[in-house]
Amino acid sequence: MAVAETQLYAKVSNKRRSKSTSALLESLLAKGFPAHIAQKALAATGQKTIEDAAKWLHSHCNDPSLDDPIPQEYALYLCPTGHLHNHLQEFWKESKRQCGKNRAHEIFPHITLCDFFTCEDQKVELLYDTLKRVGDSFSQSFPPFISLSLHSSTSYLGFFVGDSHANILKDFALAFSSEASALADCHVKPCLKQLHLTLAHKFYPHHQKTLEQLAKCINPGEACQWVAALYSRDMRFVHYQTLRALFQYKPQNIDELMINTGDFIYVDPTQQSDVSEGWVIGTSHRTGCRGFLPENYTERANESDTWVKHREYVFVTASRLFTQTENEPNIKLNGGVCNPSMSRSVTNVLSLQNATLRRGVLVMRHGERVDQVFGKSWLQQCLTADGKYYRADLNFPSTLPKRKDSVKHFECDPPLSCCGIFQSKLIGEALLDQEVTVSYVYSSPALRCVQTAQHVLQGLKLDQKVKIRVEPGLFEWTKWEASRVIPNFMTVTELAEASYKIDTSYRGNFPLSSLVPSESYEEYVSRSSVVIKQIITACPSKGKGVILIVGHGSSLASFTRPLIGLPARDSSDFAQAVRKIPSLGMCFCEEIKEENKWQMVNPPVKTLTHGANAAFNWRNGIVED
């Protein structure tokens, strides 16, 4: 064993580990995993889901270090979001293009509050509790903005935090350090020197002027919501280089490493001298296995690409008209909102006390659709030999709306199930109870969305007052259409004749003919951004009601992130987040008119949760064995 590894083992506590009562841990224990390995998997994946931890365990089944008691290292960063974050990312991109990569590019924009420290796997949840408690205690005293001033030298460029604001941040870091050290029995060192947000570090001196000019384009007073985030990394590979696999490589010999495209590999530069030219020896981040691989199959990655985000606390510095719900945690999982997705974003931490105080936008996914319950062949179960519809199960709609073309078009444009109709009415009634005033309703042309909008309005008792504007631009990412063609939607006239309260005078911002099959992610993001801005413009800003947008799972992120000034997610992250959005999942944005911006707040109603109900045949088990 190498000396450095021996020293790492020496740092690890040999205290008896207590059994966590975490629901995630209990699920892994029930699957037969030993406690210490289950805890290691949870710590390595940020304690997000059972699926993530189980996938990690499966990938690491041949990891020779799986039983090693080496914990993760953790750090507490204060990270900007919103417009400031966007401008910082632009600086990162442009400075790298003009001056090449420097040390700052290895990590995302942040202010270090507590540098890396170790914490035993079974005590990590105590860090989460600490972050929430300390965050709550500082939420009222956190400054509405952070004073940042640009400082430059021949090897450093960045923003220094003003003294008065720095003192508050240092107090926060010190409080977290003290409580974490006491509760989780780990040594946390707060940053008490000059707090700063690094823009460039260890660059060539002749690039200083160029970097300064780029930095002066950043307005540090831009709208920003600050997030205290807890990250972890594998302490064994701190001084290694991180490579990203560009191609898959299948081993030809027993000492070679299997890699998939996108895998990260840790490489120790000091161990490459005896390796054959064109090859490197490294350890896979995905599997923990070690071996040789061709160097030209890889590229340099950033140090932070393999870090795991555990929890975050969003400091709300906007309107004080809204306060945090008593039992609503400020901490969200990475990728978690009520939809994780939205975890690296301006996470929802405000409680809506009165939705009519300001103009708001409520983006909602449609209710349960029939094919979600009965599968893609649902229509075949409901058609007689002569092509007439009948109700094969009580959760099928009692009738289908009349359309001039073939009833088979409902296969690609399915209606709501009866439970979906009930869900939608229930949400409308809940909005009515909260005295939410809906002034405008926009819907995707998909029948399930139009029906959801109709039944929400019925629950609100507004179905005779507010009409639905069918907007083709609200349709979901067309790449996800299984048929690879745009569905043949019911026309506005057909919907109106079927008794849906449609605004037949409305002309969409994005014509139906402009929807293209299998559009790229960039095209979908651009379409969504344009449409939401056109909708906001079309609804008078003097109004103080809510604009209800009924769309798809993809709508929640694609229509709210442009509003609050956040960039689009990576397509892979976006897909993961959308998969976790349930029927009637919703996001709410409110306008801060005096600041000319929007912010994410809690939806005006609670979430809707229910269980599955399988089909039942009374013969099975009752009269027959």
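Being a predicted model, the structure only gives us computed values, none of them experimental.
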Query - Atom NZ of Lys101: over 12 foreign heavy atoms under 6.0 Å - result: yes
**Report entry** Cation-pi geometry met for Arg103 and Phe203 (6.0 Å, 45°)
**Finding:** no
Query - Centroid-centroid under 6.0 Å between Tyr231 and Phe108 rings - result: yes
Query raised in the report: salt bridge (charged side-chain N to carboxylate O under 4.0 Å, His left out) with Arg527: which residues, sequence neighbours excluded?
Result: Glu519
Requested in this report: Can you sort out the partners of Asn86 under side-chain hydrogen bond (donor to acceptor under 3.5 Å, both in side chains), two or more places apart, ordered by chain and number?
Outcome: none
Query - Ring centers of Phe315, Phe172 separated by less than 6.0 Å - result: yes
Query raised in the report: If you look only at pairs with a residue in residues 175-184, which of them pass as a side chain to side chain donor-acceptor pair (under 3.5 Å), with sequence neighbours excluded?
Result: Arg133-Glu179
Report task. Under the ring pair (Phe, Tyr, Trp, His ring centres under 6.0 Å) rule, collect the residues that match up with Tyr521, sequence neighbours excluded. Result -> Trp477, Phe574
Query raised in the report: Side chains of Tyr524 and Ser558: is there a donor and an acceptor less than 3.5 Å apart?
Result: yes
Requested in this report: Run the numbers on Gln225 and Gln599 for side-chain hydrogen bond (donor to acceptor under 3.5 Å, both in side chains), then give the verdict.
Outcome: CA-CA 9 Å; Gln225 198 157 28; Gln599 70 175 0; 5.1 Å; no
Query raised in the report: With sequence neighbours left out, what residues match Ser149 under side-chain contact (heavy atoms from CB on, under 4.5 Å)?
Result: His151, Phe160
Query raised in the report: Got a salt bridge between Lys93 and Glu90, using NZ or NE/NH1/NH2 to carboxylate O under 4.0 Å?
Result: no
Query raised in the report: How would you list, by chain and number, every residue that makes a side-chain hydrogen bond (donor to acceptor under 3.5 Å, both in side chains) with Tyr440, sequence neighbours excluded?
Result: none
Query - Listed partners of His285 passing side-chain contact (heavy atoms from CB on, under 4.5 Å), at least two apart - result: Phe264, Tyr266, Thr306
**Report entry** All side-chain hydrogen bond (donor to acceptor under 3.5 Å, both in side chains) counterparts of Arg286, not counting sequence neighbours
**Finding:** Asp263
Query raised in the report: Sequence neighbours excluded, which residues qualify as side-chain hydrogen bond (donor to acceptor under 3.5 Å, both in side chains) partners of His105?
Result: Ser95
Report task. For residues Trp598 and Phe588, establish whether the separation of their ring centroids is below 6.0 Å. Result -> no
Check residues 212-224 and write down every donor-acceptor pair under 3.5 Å in which the side-chain atom is one partner and the other belongs to a residue at least two apart or another chain.
from: Glu212; atom 1: OE2; to: Ser152; atom 2: OG; distance (Å): 2.5
from: Glu212; atom 1: OE2; to: Gln208; atom 2: NE2; distance (Å): 3.1
from: Asn219; atom 1: OD1; to: Gly221; atom 2: N; distance (Å): 2.9
from: Glu222; atom 1: OE2; to: His87; atom 2: NE2; distance (Å): 3.0

Report summary line: So the ring-ring contact (aromatic ring centres under 6.0 Å, His included) pairs with at least one residue in residues 175-201 (sequence neighbours excluded) are Tyr156-His196
Query raised in the report: Looking at Asp305 and Arg244, does any basic side-chain N land under 4.0 Å from a carboxylate oxygen?
Result: yes
Query - For Phe91, all residues meeting ring pair (Phe, Tyr, Trp, His ring centres under 6.0 Å), sequence neighbours excluded - result: none
